[in-house]
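One structure is given here, and the rest of the page talks about it.
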Amino acid sequence: GAVNVVSVKPSGEAGVDFNFLGGSYGTTNFKAVVDVPEMAGFSTKLAYLTKNHDAYVDNAFNNYDSTDLQDESKQAILADILWEPFDNFSADFIVDYSRVREAPWAVFLTETTGGYVGGGVVIDSFNDWIDSYEEGEGAKNEADAQGYTLTLDWSLGDLGFVHGAGEQHVVIGHVEM
């Protein structure tokens, strides 16, 4: 089986949609979507999203200069350009970028054979785990993703053809995938 997630294509009509949410612990969520009017067969949609939340728990290591637990910072941007030169043909080009920086809830160590488990990672010693938190690097999630897709849609009477191609580049921490 497959799952196909399809975003709403540019409408070709001028439009703006803004959403903002603010709350405790520095919570701010903002979303903006701008549809640009169609010109010469091209329609464009731009979208931006940011989500931020300060930690519930302060990390006391390193004079409170370490990553706080449950700290969250996420951003995403998308540009979609749709070209419809004829009634039976369209080319849809989408470029997107996402960035995530967060620290999970407080992590508790569990002793196992051969080491400790903390934050889903087996470590050699309790001191290694403490050192990672003192340096502000403990149990931190960092990810960057960028990609593009091009979808061509052509129909001739009852016959149709759809072709899609794309590429995605993901970096989690310092590891490229």
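Please read these numbers as outputs of a predicted model, since none were measured by experiment. When a residue number appears, it is its place in the shown sequence, counting from 1.
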Revision key, fill the gap. Of all heavy-atom pairs linking Ala91 and Leu152, the shortest is CB-CD2, 3.6 Å
Exercise for review: Report the residues that fulfil side-chain contact (heavy atoms from CB on, under 4.5 Å) with Ala79, sequence neighbours left out, ordered by chain and then residue number.
Suggested key: Leu46
Exercise for review: Return each pair, listed once, that meets side-chain hydrogen bond (donor to acceptor under 3.5 Å, both in side chains) where at least one residue sits in residues 40-49; pairs must be two or more places apart or across chains.
Suggested key: none
Review point. Partners of Ser11 by side-chain hydrogen bond (donor to acceptor under 3.5 Å, both in side chains), sequence neighbours excluded?
Key: Asp35
Review point. Side chain to side chain contact (heavy atoms under 4.5 Å, CB included) between Asn19 and Asn29: does it pass, once the steps are laid out?
Key: CA-CA 8 Å; Asn19 264 320; Asn29 297 345; over 6 Å; no
Practice item. Could you grab the distance from atom NZ of Lys51 to atom OG1 of Thr27, nearest 0.5 Å is fine? Key: 8.5 Å
Exercise for review: Spell out, yes or no, whether Leu150 and Ile81 are grouped together once hydrophobic residues are joined by side-chain heavy atoms under 4.5 Å, including indirect joins.
Suggested key: yes
Review point. Excluding sequence neighbours, so at least two apart, what forms side-chain contact (heavy atoms from CB on, under 4.5 Å) with Pro85?
Key: Trp83, Phe89
Exercise for review: Please identify each residue that fulfils salt bridge (charged side-chain N to carboxylate O under 4.0 Å, His left out) with Asp87, with sequence neighbours left out.
Suggested key: none
Exercise for review: Using the side chain to side chain contact (heavy atoms under 4.5 Å, CB included) rule, take Thr50 and Thr28 through it: C-alpha gap first, then chi angles, then the decisive distance, then the call.
Suggested key: CA-CA 8 Å; Thr50 183; Thr28 57; 5.8 Å; no
Review point. Do any N or O atoms from the side chain of Asn88 and from the backbone of Ser155 form a donor-acceptor pair under 3.5 angstrom?
Key: yes
Review point. Taking a hydrophobic cluster as the set of Ile, Leu, Val, Met, Phe, Trp and Tyr residues connected by side-chain heavy atoms closer than 4.5 Å, whether directly or through intermediates, do Phe42 and Tyr148 fall within one such cluster?
Key: yes
Check your understanding: Phe18, Leu49: one ILVMFWY side-chain cluster at the under-4.5 Å cut-off?
Key -> no
**Study point:** Joint hydrophobic cluster, Val33 plus Phe30, side-chain heavy atoms closer than 4.5 Å
**Key:** no
Review point. Heavy-atom count around Phe20 CZ within 6.0 Å, excluding the residue itself: above 12?
Key: yes
Practice item. Go through the steps for Gln146 and Val95 under the test side chain to side chain contact (heavy atoms under 4.5 Å, CB included), then give the verdict. Key: CA-CA 8 Å; Gln146 58 194 24; Val95 178; over 6 Å; no
Review point. If you look at every heavy atom in Gly41 and Glu38, which pair is closest and at what distance?
Key: N-OE2, 2.5 Å
Exercise for review: With sequence neighbours left out, write down each residue that passes side-chain hydrogen bond (donor to acceptor under 3.5 Å, both in side chains) with Glu84, or none if nothing qualifies.
Suggested key: none
Point to revise | Contacts of Phe93 that satisfy ring pair (Phe, Tyr, Trp, His ring centres under 6.0 Å) - sequence neighbours left out | key: none
Practice item. Taking salt bridge (charged side-chain N to carboxylate O under 4.0 Å, His left out) as the test, write out the residues that go with Lys31, two or more places apart. Key: Asp17
Practice item. Indicate whether any N or O donor in one side chain lies under 3.5 Å from an N or O acceptor in the other, for Thr151 and Asp153. Key: no
